[in-house]
Amino acid sequence: MKPQLLETQQIEAFLSKHLGSDVQEVSPIGRGSWSQAFSFSHSDTDFVARFGVHIEDFLKDEVASKFATADLPVPKVLEVGEALERYFCISERAYGEMLEGLPEDKMRETVPAVLRMLDGLRDTDVSSTAGFGLWHADGNAPQKSWAEFLLDVDNETERVHGWHANMAQFPDVVASYDEILGYLKSHLNQCPEIRHLLHTDLLHFNVMVGDGKINAVVDWGNSMYGDFLYELAAFTFYAP
C-alpha cells in the first residue's frame, strides 16, 4: 500500500529543520507512481526534494549523476536520507519544458539534441559493472544475459503485480499474450548479447528541454543494461 501524500507544510517543516531557517518557496512540482517532488530555495539556490518509499530509485539517481555529460545532463544529487516515514532525495533543480509536451516546431528544433542525448547514453562506459537488466545502487544488475532479462517479462514484481490474474479474465487476451511470449522465446537467438546503459523511461516527464537543448534527464529508477535497440524501441513505441 502506498503511503498518504505529503502536504507542503510537512515538507517545509522538515526542510527548515534539516537545512536551516532560510528554506523558502517550498512548492509541489509533481508526483509519479512512486514519489512526490517539491521545489525549494536555500541559500539563494534552487533545489528539488523528492520523497518516496523506494530508496533504490534515489540511490540510482545519485549514481547516474556521475554519468553526466554536456549531451546527457543529469542533476547532481546532494543527499539521500530518511524522513517522514519514507526516503528523501535532494538534488539540484533543472528547468525546462517536458520533451513529450513540445509543439511540432520546438520538437523539430530539439531533435538533434535528442539524438546526441541517445548517443550519450549509448557511449557511457559501464565496463566496470556487471549484469543485464535493471541495475541496483551498487551499479550491478542481476541477470547474467540479455536473453534472461527479456524472458523475465513474464514474471510479476513487487511494484508491478496482479496482472496475470487480471488478464486471466479475458481468454482472448491470454491467447494473444501466450502467442507473443512464444514468439519472443523462439527468436531470442536473434537478440545480441550487447550491453549499454539504458534509461527506458525518457517519455514520462523525465527529459527537460529548452531552446533546442536537453537541460536534464531525471528519474533513473528504471535504468538498466542491455541492447540499445531496446531504448530506441521504448522511446518510439512505449506511449499511448
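Atoms considered below: every heavy atom in the structure, side chains included; atoms not considered: hydrogens, waters and symmetry mates.
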Between [X] and [Y], is there a donor-acceptor pair closer than 3.5 Å when you use the side chain of the first and the backbone of the second?
X    : Y    : answer
Q36  : L5   : no
E148 : K144 : yes
Q10  : E7   : yes
S186 : Y183 : yes
S27  : S39  : no
E97  : G210 : no
S16  : A13  : no

Original post:
Take atom CG in D44; do more than 12 heavy atoms of anything else shown fall under 6.0 Å from it?
Top reply: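 Open: at most 12 neighbouring heavy atoms sit under 6.0 Å from CG of D44.
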So which atom in [X] and which in [Y] form the shortest heavy-atom distance, rounded to 0.1 Å?
X    : Y    : value
F58  : C89  : CG-CB, 3.4 Å
V23  : H42  : CG2-ND1, 3.9 Å
D46  : Y95  : OD2-OH, 2.6 Å
A83  : F14  : CB-CE1, 3.3 Å
T200 : A234 : O-CB, 4.3 Å
A141 : G133 : CB-O, 3.5 Å

* Asked: Going by an N to O cut-off under 4.0 Å, is there a salt bridge joining D61 and R50?
  ->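 The answer is yes: the pair qualifies as a salt bridge.
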Exercise. Answer yes or no: is there an ion pair linking K60 with E56, defined by an N-O contact shorter than 4.0 Å?
Key: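 Result for this pair is no, no salt bridge flagged.
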With rounding to the nearest 0.5 angstrom, report the [atom1] to [atom2] distance, [X] to [Y].
X    : Y    : atom1 : atom2 : result
L184 : C191 : CG    : SG    : 6.5 Å
H161 : N166 : NE2   : CG    : 10.5 Å
D211 : E109 : CG    : CD    : 7.0 Å
F47  : E92  : CZ    : CD    : 7.5 Å
L99  : I214 : CG    : CD1   : 6.0 Å
I90  : K76  : CD1   : NZ    : 13.5 Å

Hey, does [Y] have a side-chain heavy atom less than 4.5 Å from the side chain of [X]?
X    : Y    : result
H136 : P142 : yes
F38  : F51  : yes
V209 : V114 : no
E100 : F205 : yes
N215 : P73  : no

Do [X] and [Y] belong to the same hydrophobic cluster, where Ile, Leu, Val, Met, Phe, Trp and Tyr are linked whenever their side-chain heavy atoms lie under 4.5 Å apart, directly or via other members?
X    : Y    : value
I55  : V53  : no
V80  : L6   : no
V217 : Y225 : yes
F228 : Y230 : yes
M98  : F235 : no

Name the residue from L72, V74, N222, N206 that meets the side-chain contact (heavy atoms from CB on, under 4.5 Å) definition with H199.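 Looking at L72, V74, N222, N206, the match for H199 under the side-chain contact (heavy atoms from CB on, under 4.5 Å) is N206.
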Of I11, V48, T8, L15, which is the lone residue that meets side-chain contact (heavy atoms from CB on, under 4.5 Å) with F40?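 For F40, the side-chain contact (heavy atoms from CB on, under 4.5 Å) test succeeds with only one of I11, V48, T8, L15, which is L15.
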Residues [X] and [Y]: side-chain donor-acceptor under 3.5 angstrom:
X    : Y    : result
R195 : T129 : yes
H196 : E231 : no
H204 : D201 : yes

Item to complete: Could you walk me through whether Y87 and D57 pass side chain to side chain contact (heavy atoms under 4.5 Å, CB included), step by step?
Response: CA-CA 10 Å; Y87 302 102; D57 291 354; over 6 Å; no
### CA sep, side-chain torsions, deciding dist, call: T69, T124, side chain to side chain contact (heavy atoms under 4.5 Å, CB included)
CA-CA 9 Å; T69 64; T124 298; over 6 Å; no
Legend entry - All side-chain hydrogen bond (donor to acceptor under 3.5 Å, both in side chains) counterparts of D152, not counting sequence neighbours: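 For D152, the residues satisfying side-chain hydrogen bond (donor to acceptor under 3.5 Å, both in side chains) (neighbours in sequence not counted) are N155.
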query: Should the pair W146 and F132 be assigned to parallel (<30°), tilted (30 to 60°) or perpendicular (>60°) ring geometry?
result: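 Ring orientation of W146 relative to F132: tilted.
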Quick one, W135 with V126, criterion side chain to side chain contact (heavy atoms under 4.5 Å, CB included). Give me CA distance, side-chain angles, the key distance, then yes/no.
CA-CA 11 Å; W135 51 273; V126 294; over 6 Å; no
Notebook entry, point to check: For D119 and D71, what are the C-alpha separation, side-chain angles and deciding distance, and is it a side chain to side chain contact (heavy atoms under 4.5 Å, CB included)?
Noted result: CA-CA 8 Å; D119 281 342; D71 293 328; over 6 Å; no
Throw together a table of side-chain donor-acceptor distances under 3.5 angstrom for residues 173-180, partners on residues two or more places apart or in other chains.
| residue | atom | partner | partner atom | Å |
| --- | --- | --- | --- | --- |
| S176 | OG | D172 | O | 3.2 |
| Y177 | OH | D154 | OD1 | 2.4 |

